[in-house]
Structure formats: C-alpha cells, structure tokens
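Down below is the structure, laid out as structure tokens.
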Amino acid sequence: MLQQTPVARVLPVHEAWLERWPTPSALADETSGEAVRAWGRLGYPRRALRLHAAATEIRDAHGGEVPSTYDQLIALPGVGDYTAAAIASFAFGRRHVVLDTNVRRVLARTLTGAEFPAASVNRAERDLAATVLPESDDDAAAWAAASMELGAVICTAARPACDSCPVVDLCAWHAAGRPAYDGPARKVQDYAGTDRQCRGRLLAVVRDAEGAVPRGRIDAEWHLAEQRDRALVSLVADGLVAEVEPGWFALP
DNA sequence: CAGCCGTGGGC
DNA sequence: TGCCCAAGGCT
C-alpha cells in the first residue's frame, strides 16, 4: 500500500484491511475482486491484485507464513527490491540495503552533495549505499529504519528541515550551501487525459457498483470512445475487471 | 531502462 | 492554480 502512496492516506485503509483480513490466508480465501474493492481509491489498483496473489502464494507455498528471506520475498508478486529488503530488514532483522525514495534523497544530499538523486537507481548508487550500511544485522536494520525516517520527516523533498537535522554537520549538500538541483530535468507524469485517468474512472464505476454494470454505464464515464475501449480492454486484460456476460462488467 | 501503472494533498 | 510528489513494480 505504501508503494508510491503517502503514509497518511494508507493508514485508514490499512487498518480496515487488517481488521477484515488478519492473515495472508484470510485474504487469499477471498476473491481478488474483494481486494480491489477494499483497496478503494488508494491508486495503482494492480497492487491490490498482486497483494491478493502474494497472499495466495504465501498460503499455498509458505504454509501461510510470510517468508523471511529476501529471495523468497522478492519472488512474490508485487514485491520488488525495495519491499523485499524492507520486510526482511524491518520484520526479520536481516541486513539489507533498503533503498526507497527517502533513503535515496538522504544519501544524495549527505554523501554526494546533490539535492536529488538520479531518476533511477544505478549501480554506483547501490554500491554507495552498501558502503555505509552497518555490519551487524541489528545495526543494519536500525540504519534502514532511521535513514528512511530521516528522509520522510526531516530531509524531505520540498522543505528539508536542516535546522533540526541530526546529521546536518556531516551533510555534503548543506556544507555546499544547499545548491539547487542541476541534473537532468525530473519529469513529472501527466495525468489529465491519460489512459491512466481513464482506467481509474472506468474502474471506479465497476468498483462502486453492487453487481455487474452494463456497458452503457461505463461508456457514459469517458467521452473518447477509442481511448475508453482501450482502457476497458486493458482493465480486463489486467484482471481488474471481468466481463461476466456479454456487455456486463464486474469485479473479478 | 524509460515509460507506464492512480490518486489526492500541499504549496 | 497548476505543479510536485508520495515506504515502487513490471515490462
């Protein structure tokens, strides 16, 4: 839920989710459509599908217990490098480089003196992060949590609170006078008018309906027929929407 | 690896 | 107000 989503927005959904499905097996025993419905408006609803699929795999291949190693975790759907490292580190105390957007920004500023990291993680950045990771499992896990929290609370993207930063005295970016970012332009994704927005609109119709909805209800939601059709086809292909009978759509 | 995959709050 | 961005993953 936290992937690309602010903590404050996740909290209420997360709480209701665990109330309803306290264990991976409980989630796996529901339909994927119920997961999509409970996901609500968190965004990137394929994450709900993947979480349901991961729960199913945990139930069927791991005896219902969340696996504890990075290799087992990253093999689960929707679990990539960051999430696997985070779970292994935070939940199981293993030593891993936990490189999320917060840590990347903290390391960019403190170690390389740049206001923002590169667009994507590269080898050099990963190696640099590894060089400052403490040796012991316990210290590494504490380091991962601390560096993430520092980025989330103090060393934020827009308004870093250097005045209250515990490592301001060893920060390369601060020492350099907090120079403005001068790397390649950081691109912000368009949203209005994109297929992504269209998919969101169409899925909302199906998600918020009691049972199946007729094609006409969906068509009324988006003006451009070509884009609307493409979006609906892709939603069905992704498994977010099912055509339960010709011209009628529902959650899977 | 660049581009795609949602949504809404802050400034 | 529009822009920026948020505990990424997948292809």
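Here is how names work: the chains are called A, B, and so on, in the same order as the sequence lines, proteins then strands, and each is numbered from 1. Only this structure's heavy atoms are used, side chains among them; waters, hydrogens and symmetry mates stay out.
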Looking at [X], does any N or O in its side chain come under 4.0 Å of the phosphate oxygens OP1/OP2 on [N]?
{"X": "Arg41(A)", "N": "dG8(B)", "value": "yes"}
{"X": "Lys187(A)", "N": "dG3(B)", "value": "yes"}
{"X": "Arg207(A)", "N": "dT7(B)", "value": "yes"}
{"X": "Arg105(A)", "N": "dA6(C)", "value": "yes"}
{"X": "Arg46(A)", "N": "dG6(B)", "value": "no"}
{"X": "Gln3(A)", "N": "dG8(C)", "value": "no"}
{"X": "Arg186(A)", "N": "dC5(C)", "value": "yes"}

Mind checking the [atom1] distance from [N] to [M]? Whole angstroms is fine.
{"N": "dC4(B)", "M": "dA7(C)", "atom1": "P", "answer": "23 Å"}
{"N": "dG10(B)", "M": "dG6(B)", "atom1": "P", "answer": "23 Å"}
{"N": "dG3(B)", "M": "dT7(B)", "atom1": "P", "answer": "22 Å"}
{"N": "dG9(C)", "M": "dG8(B)", "atom1": "P", "answer": "22 Å"}

Taking atom [atom2] of [N] as reference, at what distance in whole Å does atom [atom1] of [X] sit?
{"X": "Leu235(A)", "N": "dC5(B)", "atom1": "CG", "atom2": "C1'", "result": "11 Å"}
{"X": "Leu203(A)", "N": "dT7(B)", "atom1": "CG", "atom2": "P", "result": "7 Å"}
{"X": "Asp238(A)", "N": "dC4(B)", "atom1": "CG", "atom2": "P", "result": "15 Å"}
{"X": "Tyr181(A)", "N": "dC4(C)", "atom1": "OH", "atom2": "C1'", "result": "14 Å"}
{"X": "Arg104(A)", "N": "dG9(C)", "atom1": "CZ", "atom2": "P", "result": "12 Å"}
{"X": "His14(A)", "N": "dA7(C)", "atom1": "NE2", "atom2": "C1'", "result": "12 Å"}
{"X": "Asp81(A)", "N": "dA7(C)", "atom1": "CG", "atom2": "C1'", "result": "13 Å"}
{"X": "Gln197(A)", "N": "dT7(B)", "atom1": "CD", "atom2": "P", "result": "9 Å"}

From [options], nucleotide with atom closest to [X] side chain:
{"X": "Val7(A)", "options": "dA7(C), dG8(C), dC5(C)", "result": "dA7(C)"}
{"X": "Tyr82(A)", "options": "dA7(C), dC11(B), dC4(C)", "result": "dA7(C)"}
{"X": "Ala157(A)", "options": "dC5(C), dA7(C), dC5(B)", "result": "dC5(C)"}
{"X": "Tyr44(A)", "options": "dG6(B), dA2(B), dC5(C)", "result": "dG6(B)"}
{"X": "Met148(A)", "options": "dC5(B), dA7(C), dC11(B)", "result": "dA7(C)"}

So what does [X] hit on the nucleic acid, given a heavy-atom distance under 4.0 Å: a base, only sugar-phosphate, or nothing?
{"X": "Thr194(A)", "value": "nothing"}
{"X": "Asp195(A)", "value": "sugar-phosphate"}
{"X": "Gly43(A)", "value": "base"}

(request) Please name the pair of heavy atoms, one in Val97(A) and one in Arg126(A), separated by the smallest distance, quoted to 0.1 Å. (result)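 Looking at all heavy atoms of both residues, the shortest contact is CG1-NH1, 4.3 Å.
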
(request) Name the residue closer to the 5' end of DNA chain B, choosing between Arg196(A) and Ser120(A) according to the nucleotide with the nearest heavy atom. (result) Ser120(A)

(message) Between the base of dG6(B) and the side chain of Thr5(A), is there a donor and acceptor pair under 3.5 angstrom?
(response) yes

(message) Do Val106(A) and Val167(A) sit in one hydrophobic cluster, given that two such residues count as connected whenever their side-chain heavy atoms are within less than 4.5 Å of each other, even indirectly?
(response)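 Yes, it is one cluster - the side chains of Val106(A) and Val167(A) are joined through contacts under 4.5 Å.
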
(request) For the pair Val132(A) and Trp143(A), evaluate side chain to side chain contact (heavy atoms under 4.5 Å, CB included) and give the outcome as yes or no after the intermediate values. (result) CA-CA 9 Å; Val132(A) 292; Trp143(A) 169 268; 3.8 Å; yes

(message) Treating Gln197(A) as the side-chain partner and Gly193(A) as the backbone partner, does any N or O pair qualify as donor plus acceptor under 3.5 Å?
(response) yes

Does the side chain of [X] reach to within under 4.5 Å of the side chain of [Y], using non-hydrogen atoms?
{"X": "Tyr82(A)", "Y": "Thr101(A)", "answer": "no"}
{"X": "His62(A)", "Y": "Pro24(A)", "answer": "no"}
{"X": "Trp173(A)", "Y": "Thr112(A)", "answer": "no"}

